[in-house]
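First up is the structure itself, then whatever we jot down about it.
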2 protein chains.
Amino acid sequence: MIDTREHILNTSLKLFLQKSFKEVTMKEIVETTGLSKGAFYHYFSSKEKVFEEVVDFFLSDFMKFDFSNLSHDSLKSFYSDYLKSMEEKIQSAGKIGLVTGDTFNANHYFLLFDALKMLPSFKDKHLEHNQNELNAWTEIVTSAKKSGEINSKIPDELIAKTFIYLGDGFGMHLIIDGAASKMHELKPLFDGIYMGFRA
Amino acid sequence: MIDTREHILNTSLKLFLQKSFKEVTMKEIVETTGLSKGAFYHYFSSKEKVFEEVVDFFLSDFMKFDFSNLSHDSLKSFYSDYLKSMEEKIQSAGKIGLVTGDTFNANHYFLLFDALKMLPSFKDKHLEHNQNELNAWTEIVTSAKKSGEINSKIPDELIAKTFIYLGDGFGMHLIIDGAASKMHELKPLFDGIYMGFRA
DNA sequence: CTATATATTCCGACCGTTCGGTATGTTTTT
DNA sequence: AAAAACATACCGAACGGTCGGAATATATAG
């Protein structure tokens, strides 16, 4: 609790990951931080402003994926690393109290939907992020084909999209069902399509 | 505008598909229907109640998928039918003004998230729906293996989940990017994993 | 057919509460 | 003492919801 400003940001992030912007009230933010309204408005000029910063922070820390850090040896090792990073993310989500027991009580889509609606610049950033993710996967697929790791007539980008969408769909089910511990069930799915693309 | 009650329900559905429960105000519902507050509260006892009915309607009429109506000749014809049904759903969404030009301005996840939060009975219904979908896909996969259409060592349920999650992840991207016309891009993805599972 | 009684549908002013935000402090730090 | 950090009382607007009654439709009676 050294840095009050950061404390407010962390608390707000936690709240905005649990409910939508409208559902999170100033009263709630103030009470959860243990501060007062005066303190809050000393650091932020409005609820919108703290939301903006929360989104920025979340993007750079959570969503932004440094794909260059993942193994580029093979497609298999790439998605294995990818899955490992995902599990780590869930673990760090648990550390800030977003997982109680086995139950997920966070949903980053709240943040995403609100950001898309409220922050005009966000949509472009998000599309860029998506494009980067697609490019990273596509590159790996391309080199996996070159190396002979996989051998499929399906266009590289389609294979990349298959991995991405499969992961996203799985993640959505995870969030809705609230079962954080089932993250490991994604690997068999990736293994399955991987086998298919090898043939 | 014959049946006022139904008119309110349709209008509310449209609104609840565009924003969250909290974001939709009574003022908005009343003004969009062209009625008055008194008229609204003559038919519904609260905003929550109309939401409940909207959710019921949406589930039973929109979202609910009659898998028995899809072709059971083969896995390929099954998912082809599935995709066709999806396209029809988008078309009917367009008919009630949820698609302007090429842009999706609906997001059924608003409805889903709110329903999961507010309606205790909903989670079970939703899980049941998911289970039914999984069962339908799994059955098809099983018989596709028996008939020799596909020949994969991957468990039937995993294959089923791959199709489902891939579709969901794709749908999520569609909604977020707002590009309703790109629905057809899912077929190549399905074809891709289908080829893989045949080997 | 008309007139009256009764039920339904709809209206909009109004209510209490909560919302985000402000003004004006008091405490703490430098 | 000056400034930064925090607290609290308060504000107007917007919220969901209520209420008495007007308008309209339907049923009944003469």
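All chains are named by letter (A, B, ...) in the order of the sequence lines, taking the proteins before the strands, and each is independently numbered beginning at 1.
If you look at A:Phe78 and A:Trp137, their ring centroids are closer than 6.0 Å.
Direction change of the helix axis from one end of the helix from C:dC1-D:dG30 to C:dT30-D:dA1 to the other is 0°, with five pairs defining each end axis (rounded to 10°).
Within the 4.0 Å cut-off from OP1 or OP2 of C:dT9, not a single side-chain nitrogen or oxygen of B:Thr4 is found.
Note on ring orientation: taking the six-membered ring where Trp is involved, the planes of A:Phe16 and A:Phe21 are parallel (angle under 30°, cut-offs 30° and 60°). The aromatic rings of A:Phe197 and A:Phe163 sit tilted relative to each other, their planes meeting at an angle between 30° and 60°. Under the 30°/60° scheme for interplanar angles, the aromatic rings of A:Phe40 and A:Phe44 are found to be tilted.
Atom CD of B:Glu6 has 12 or fewer neighbouring heavy atoms from other residues, nucleotides or ligands inside a 6.0 Å radius.
DNA chain C is contacted by no residue of residues 20-30 of chain B, taking any non-hydrogen atom closer than 4.0 Å. Within residues 36-48 of chain A, the residues approaching DNA chain C are A:Lys37, A:Tyr41, A:Ser46, A:Lys47, A:Glu48, by heavy-atom distance under 4.0 Å.
Residues that satisfy the side-chain hydrogen bond (donor to acceptor under 3.5 Å, both in side chains) test with B:Thr142, not counting sequence neighbours, are B:Asp156. In this structure B:Glu88 satisfies the side-chain hydrogen bond (donor to acceptor under 3.5 Å, both in side chains) test with no other residue, sequence neighbours excluded. Annotation: salt bridge (Lys or Arg N to Asp or Glu O under 4.0 Å) contacts of B:Lys14 (sequence neighbours excluded): none. Listed by chain and number, the residues in a side-chain hydrogen bond (donor to acceptor under 3.5 Å, both in side chains) with A:Asn151 amount to none (sequence neighbours excluded). The salt bridge (Lys or Arg N to Asp or Glu O under 4.0 Å) test applied to B:Lys22 returns no partner, not counting sequence neighbours. By the side-chain contact (heavy atoms from CB on, under 4.5 Å) test, A:Met172 pairs with A:Tyr109, A:Ile176, B:Tyr109, B:Phe113, B:Met172, sequence neighbours left out. Taking the salt bridge (Lys or Arg N to Asp or Glu O under 4.0 Å) definition, one finds that B:Lys37 meets it with nothing, sequence neighbours left out.
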Any chance you could list the contact pattern along nucleotides 24-30 of chain C? Use B for base contacts, S for sugar-phosphate-only contacts and - for none, protein heavy atoms under 4.0 Å, 5' to 3'.
-> -------
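For the pair A:Glu31 CD and C:dG20 C1', the interatomic distance rounds to 15 Å; values are reported in whole Å. Rounded to a whole Å, the CZ atom of B:Arg5 is 15 Å from the P atom of C:dT8.
Screening residues 39-57 of chain A for side chain to side chain donor-acceptor pair (under 3.5 Å) gives A:Arg5-A:Glu53, A:Asp56-A:Lys125 as the qualifying pairs, with residues at least two apart or on separate chains.
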